[in-house]
Number of protein chains: 2
Amino acid sequence: MTEEQTYSIAQLAQEFDVTSRAIRFYEDQGLINPTRDGQSRIYNKADHARLAWILKGKSVGFSLGEIGELLNLYSIDDGRQHQRLVTLERCNERIADMKEQKDNLAFMIKELEGFCKILVSPEMDEKIKKAAS
Amino acid sequence: MTEEQTYSIAQLAQEFDVTSRAIRFYEDQGLINPTRDGQSRIYNKADHARLAWILKGKSVGFSLGEIGELLNLYSIDDGRQHQRLVTLERCNERIADMKEQKDNLAFMIKELEGFCKILVSPEMDEKIKKAAS
DNA sequence: CTTGACGTTTACGTAAACGTCAACTAACAT
DNA sequence: ATGTTAGTTGACGTTTACGTAAACGTCAAG
């Protein structure tokens, strides 16, 4: 009944549009740890979600090392208060970075959208160049 | 009167928190082209703005090559219609990418903020684990 | 039974984006 | 004149994130 869905490396590769090589590389880096059927890797739903997470992390500029750290952060259960505070601080730094990056993205999107407008109506462009009427 | 402000490489490096080496590298790649006073590079306001643009581009994931292309796109004045459409298409692709990236950023920010909350109030965490009361 | 599709490991290669010398010049300060 | 402080140009080194090729196992289809 509880036959959880599993995936081959090629399935994941196709779904997420990365190479098998990349997925194995993430494993080398300790980011993911599928079970094995003999020699072949078998990924379950959790692995699937984990890979999705990794790729999102990458897309927003985290290095694989940082992603590894973040994934580890989720599993601090030692309860040490100091460690907790250090982690909190680093998280907040990351969040600040990402918010700044979001602003930069917004800026860039505006830039390109503005440029597109010029591309679409070049006549306007020339007029604007002479007088902003 | 029209004494435009200029900058040395070190000034720019400090202001933007990059190394002089990096700035020279951008020049090698054709992204920026300061004038010279003898051997030394002199950057004007336009160069300053250009560098800012480059760094924002980088921060949102463009490669230096892509940034070069984008900067070039701004100076297509040949008026060829086909070229214009190609450019438009590529711009729109980029914009779509960036919007997706913005979503990913929002997701990640939420993730980390959620995690921070757990870090701040660990008691809550345990309670939640048992029953979401 | 061999061909093909898919998987594996090991090992070396590579592109991007700089870092890091080394060796030099030119301008100043002492 | 001499040391310190910027700046310069190569040239080579480094890290990250995979690509790529070699050499092989496994299983289903023809």
Side-chain angles (χ1 to χ4, degrees), chain A residues 5-44 47-48 50-72 94 97 101 104 108, chain B residues 5-44 47-48 50-72 94 97 101 104 108:
Chain A
Q5 173 154 9
T6 61
Y7 312 80
S8 74
I9 194 167
Q11 284 174 335
L12 285 187
Q14 188 185 358
E15 176 173 349
F16 291 109
D17 195 31
V18 295
T19 62
S20 317
R21 174 71 181 93
I23 298 178
R24 282 189 214 104
F25 184 72
Y26 300 153
E27 188 175 339
D28 279 353
Q29 307 302 306
L31 301 184
I32 196 169
N33 226 326
T35 57
R36 301 284 180 130
D37 170 19
Q39 206 177 211
S40 297
R41 292 164 173 81
I42 294 187
Y43 301 84
N44 60 21
D47 295 324
H48 181 277
R50 204 175 169 91
L51 179 56
W53 209 94
I54 292 168
L55 294 176
K56 281 185 191 174
K58 262 179 59 68
S59 92
V60 301
F62 288 117
S63 72
L64 295 186
E66 289 170 323
I67 291 170
E69 287 183 35
L70 287 176
L71 286 170
N72 286 335
R94 263 34 263 285
D97 284 356
Q101 217 193 125
N104 285 338
M108 278 301 204
Chain B
Q5 172 153 10
T6 61
Y7 311 80
S8 73
I9 194 168
Q11 283 174 336
L12 284 187
Q14 188 185 357
E15 176 171 349
F16 290 108
D17 195 30
V18 295
T19 63
S20 318
R21 175 70 182 90
I23 297 178
R24 282 189 214 105
F25 184 71
Y26 300 152
E27 188 174 340
D28 280 354
Q29 307 302 307
L31 300 184
I32 196 168
N33 225 325
T35 56
R36 300 285 180 131
D37 171 19
Q39 206 177 212
S40 296
R41 292 164 172 83
I42 294 188
Y43 301 83
N44 61 21
D47 295 324
H48 181 278
R50 204 174 171 90
L51 179 56
W53 209 94
I54 293 169
L55 295 176
K56 281 185 190 175
K58 264 178 58 69
S59 91
V60 302
F62 288 117
S63 72
L64 295 186
E66 289 170 322
I67 290 170
E69 287 183 35
L70 288 176
L71 286 169
N72 287 336
R94 263 34 264 285
D97 284 357
Q101 217 193 126
N104 284 340
M108 276 303 200

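Because the structure is predicted, anything quoted here is derived from the model rather than measured. So you know, we letter chains A, B, ... as the sequences are listed, proteins then strands, and number each from 1.
Heavy atoms of other residues, nucleotides or ligands lying less than 6.0 angstrom from CD of B:Glu66 number more than 12. Other residues, nucleotides and ligands place no more than 12 heavy atoms under 6.0 Å from the CG atom of B:Asp17.
Among the nucleotides C:dA17, C:dT20, D:dT9, the one closest to the side chain of B:Arg36 is D:dT9. Residue B:Gln39 has its side chain nearest to D:dT8 when only C:dT8, D:dT8, D:dC18 are considered. For A:Arg24, counting side-chain heavy atoms from C-beta on, the closest listed nucleotide (C:dG19, C:dT8, D:dT8) is C:dT8. Distances from the side chain of B:Phe25 to the nucleotides C:dC18, D:dG19, D:dT9 place C:dC18 closest.
Nucleotide C:dT25 holds its P atom 18 Å from the CG atom of B:Asp37, rounded to whole Å. Distance, B:Glu27 CD to D:dT9 C1': 12 Å, rounded to whole Å. If you measure from atom CD1 of A:Ile32 to atom P of D:dC18, you get 13 Å, rounded to the nearest angstrom. Atom CD of A:Gln29 is separated from atom C1' of D:dT15 by 12 Å (rounded to the nearest Å). The CD1-C1' distance, from B:Ile23 to D:dT8, rounds to 14 Å in whole Å. For the pair B:Leu31 CG and C:dA17 P, the computed distance is 9 Å after rounding to whole Å.
In this structure, the separation between CE on B:Met108 and CD on A:Gln101 is 11.0 Å, given to the nearest 0.5 Å. Atom CZ of A:Phe16 and atom NZ of A:Lys56 lie 9.0 Å apart (nearest 0.5 Å).
For DNA chain C, the residues of residues 8-20 of chain A within the heavy-atom distance limit of 4.0 Å (strictly under) are A:Ser8, A:Ile9, A:Ala10, sorted by number. Of all the residues in residues 56-67 of chain B, B:Lys58, B:Ser63, B:Leu64 reach under 4.0 Å from DNA chain C with at least one non-hydrogen atom.
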**Report entry** A:Phe62 vs A:Arg94, side-chain contact (heavy atoms from CB on, under 4.5 Å): CA-CA, chis, key distance, verdict
**Finding:** CA-CA 10 Å; A:Phe62 288 117; A:Arg94 263 34 263 285; 3.1 Å; yes
Report task. Let me see the working for A:Asp47 and A:Leu51 under side-chain contact (heavy atoms from CB on, under 4.5 Å), right down to the final yes or no. Result -> CA-CA 6 Å; A:Asp47 295 324; A:Leu51 179 56; over 6 Å; no
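The shortest side-chain heavy-atom distance between A:Leu55 and A:Tyr26 falls under the 4.5 Å cut-off.
Under the side-chain hydrogen bond (donor to acceptor under 3.5 Å, both in side chains) criterion, B:Arg50 pairs with no residue, sequence neighbours left out.
B:Arg41 approaches B:Ile9 most closely through the heavy-atom pair CD-CD1, 4.2 Å.
Contact annotation: B:Tyr26 does not reach the phosphate of C:dA17 (side-chain N/O to OP1 or OP2, under 4.0 Å). Between B:Arg41 and D:dG7, a side-chain N or O to OP1/OP2 separation shorter than 4.0 Å is absent.
With hydrogens and angles ignored, a donor-acceptor pair under 3.5 angstrom links the side chain of A:Arg21 to the base of D:dT20.
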